[in-house]
Amino acid sequence: MSQLRNIALTVHELEEGEFYWVLLEATDYAMEEALPYLPLDSASDPQATYANALVAGLAAIRRMYGKDGPRD
């Protein structure tokens, strides 16, 4: 089986009460005491709550990568 990619999900509140999910992927860039991530995908429309944005981000991961997760 191929290697699992390192994908992170976070939520940003760009305006008060407007929450957007953001997917990030770890890179191989060398940094001391840090694991750098680059943006992979993000919501185009805001959610009303942090929890809703988190769930929507997880749903985006499932749509993009299916039941086996993000693999190379």
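Being a predicted model, the structure only gives us computed values, none of them experimental. Computed over heavy atoms, backbone and side chain alike; hydrogens, waters and symmetry mates excluded.
Residues D68 and L4 fail the side-chain proximity criterion, which asks for heavy atoms closer than 4.5 Å. Taking the side chain as every heavy atom from C-beta outward, Y37 and N6 approach each other to under 4.5 Å. Using a 4.5 Å cut-off on side-chain heavy atoms (C-beta onward), R5 and L40 make contact. Counting heavy atoms from C-beta outward, L14 and P46 have side chains that stay 4.5 Å or more apart.
Just one residue in the list V11, T10, D41 forms a side chain to side chain contact (heavy atoms under 4.5 Å, CB included) with V22, and that residue is T10.
A donor-acceptor pair under 3.5 Å is absent between the side-chain atoms of R71 and the main chain of Q3, judged by distance alone.
Note that CZ of F19 and CD of E13 are 3.5 Å apart. Values are rounded to the nearest 0.5 Å. A distance of 8.0 Å separates CD in E15 from OH in Y20, rounded to the nearest 0.5 Å.
Looking at every heavy atom in both residues, L24 comes nearest to P39 through CD2-CA, 3.6 Å. Between N52 and Q47 the shortest heavy-atom distance is CB-OE1, 3.6 Å.
L9 is linked by a side chain to side chain contact (heavy atoms under 4.5 Å, CB included) to W21, L23, L54, L58, I61, counting only residues two or more places apart in sequence or in another chain.
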Item checked: Trace of the side chain to side chain contact (heavy atoms under 4.5 Å, CB included) decision for I7 with E25 -> CA-CA 5 Å; I7 307 295; E25 183 166 15; 3.8 Å; yes
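Among residues at least two apart or in separate chains, there is no salt bridge (charged side-chain N to carboxylate O under 4.0 Å, His left out) pair with a member in residues 43-66.
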